Amino acid sequence: PEPFSGGPGMPELILQLLQLEPEEDQVRARILGCLQEPAKGRPDQPALFGLLCRMADQTFISIVDWARRCMVFKELEVADQMALLQNCWSELLVFDHVYRQIQHGKEGSILLVTGQEVELSTVAAQAGSMLHSLVLRAQELVLQLHALQLDRPEFVCLKFLILFSLDVKFLNNHSLVKDAQEKANTALLDYTLCHYPHCGDKFQQLLLCLVEVRSLSMQAKEYLYHKHLSNEMPRNNLLIEMLQAKQT
Amino acid sequence: SCRAAAGRPAILYALLSPSLTARPSV
């Protein structure tokens with residue numbers, strides 16, 4: 001990752017978020033370690049799909065670990081923390097995937113959190129139409145964000161905005177969360193105006209991309225639900241549990 | 001124990017709850 005330091009044009013909130021950001025190679029090593037443990041999956045299940053499900057679960061666990069270290073979030077009671085994560089878990093997973101592809105920088109393949117590169121032709125041949133369509137739609141967003149020159153400070157700030165995107169009326173601690181939402185919006189606006197003055201509407205363009213992240217995450221949840229109904233998901237799957245949990 | 005109330009995701013609760021030291025096995 002690029003080193004970032006404070007200074008003019010770097011809002012304090014973004015600086016703190018950059019310092020909280022986990023190192024990709026540490027996340028990769030942890031997840032690879034978990035995946036090497038014997039699977040408790042169904043014997044009739046294709047090994048590759050079961051592995052992808054565990055990979056997605058472990059990626060979400062890394063996201064929960066990140067959220068627990070985040071300022072404001074760590075001050076909240078568990079009920080509010082759960083409400084926030086239940087609202088945005090699929091968006092955080094989609095955005096995590098999309099940003100990894102921006103860093104990967106190859107249009108013809110996708111990079112998994114474990115470091116493996118999968119050709120899009122392989123996805124087309126083996127993934128099934130629902131997953132293939134999801135991957136292609138995510139690739140379109142990757143191109144859009146690449147064209148917008150999304151950088152790491154903007155990525156961490158957008159991730160924080162996704163985490164705090166729940167309407168405060170569903171939370172016990174309204175004021176703390178509302179304050180976090182306002183501070184993150186201001187930080188992102190200030191940062192983009194200072195670092196990309198030639199692109200006056202970058203802030204609005206980035207927020208529009210979050211609408212697409214939300215829409216993609218809905219499609220991803222439909223895919224998961226379809227797999228669940230077809231009895232293809234592993235037992236004790238975290239994402240299915242998130243999918244079935246009642247929203248606030 | 002990470003037994004959760006109806007509708008509450010038990011694994012997520014276990015990941016977040018400060019009173020639980022053991023991480024859930026997923």
Side-chain angles (χ1 to χ4, degrees), chain A residues 30-31 33-35 37-41 50-51 53-70 73-90 92-93 163 170 221 224 233-248, chain B:
Chain A
R30 187 191 67 76
I31 294 180
C34 290
L35 296 181
E37 288 168 15
K40 290 173 287 185
L51 202 63
C53 290
R54 290 171 71 201
M55 200 185 291
D57 269 5
Q58 291 301 329
T59 306
F60 182 59
I61 288 175
S62 292
I63 289 171
V64 174
D65 282 340
W66 161 78
R68 290 183 72 195
R69 294 194 309 275
C70 268
F73 188 89
K74 65 182 176 188
E75 314 293 334
L76 297 170
E77 57 190 83
V78 174
D80 278 355
Q81 293 181 338
M82 289 189 69
L84 289 173
L85 282 169
Q86 281 178 251
N87 174 59
C88 71
W89 64 274
S90 54
L92 287 174
L93 275 169
L163 179 63
F170 296 113
K221 285 194 280 193
L224 274 177
M233 292 300 288
R235 293 190 192 93
N236 199 25
N237 182 263
L238 175 55
L239 298 194
I240 290 300
E241 193 188 78
M242 295 300 293
L243 195 63
Q244 292 184 311
K246 281 183 189 157
Q247 295 286 331
T248 33
Chain B
S1 156
C2 59
R3 182 139 185 96
R8 186 171 70 179
I11 306 172
L12 179 65
Y13 179 74
L15 289 168
L16 289 172
S17 178
S19 60
L20 297 169
T21 48
R23 309 226 58 185
S25 164
V26 176

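What you are looking at is a predicted structure, and each value in this text was computed from that prediction instead of being measured. Letters A, B, ... mirror the listed sequences (proteins, then strands); counts begin at 1. For the numbers below, each heavy atom of this structure counts, side chains included, while hydrogens, waters and symmetry mates do not.
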**OP:** Please step through side chain to side chain contact (heavy atoms under 4.5 Å, CB included) for the pair A:Leu85 and B:Leu16, ending with a clear verdict.
**Re:** CA-CA 10 Å; A:Leu85 282 169; B:Leu16 289 172; 4.0 Å; yes
Subject >> For B:Ile11, the option from A:Leu239, A:Asn236, A:Ile240, A:Ile61 that meets side chain to side chain contact (heavy atoms under 4.5 Å, CB included) >> reply: A:Asn236
Original post:
Where is the tightest heavy-atom contact between B:Leu12 and A:Glu241, given as atom of each residue plus distance?
Top reply: N-OE1, 3.6 Å
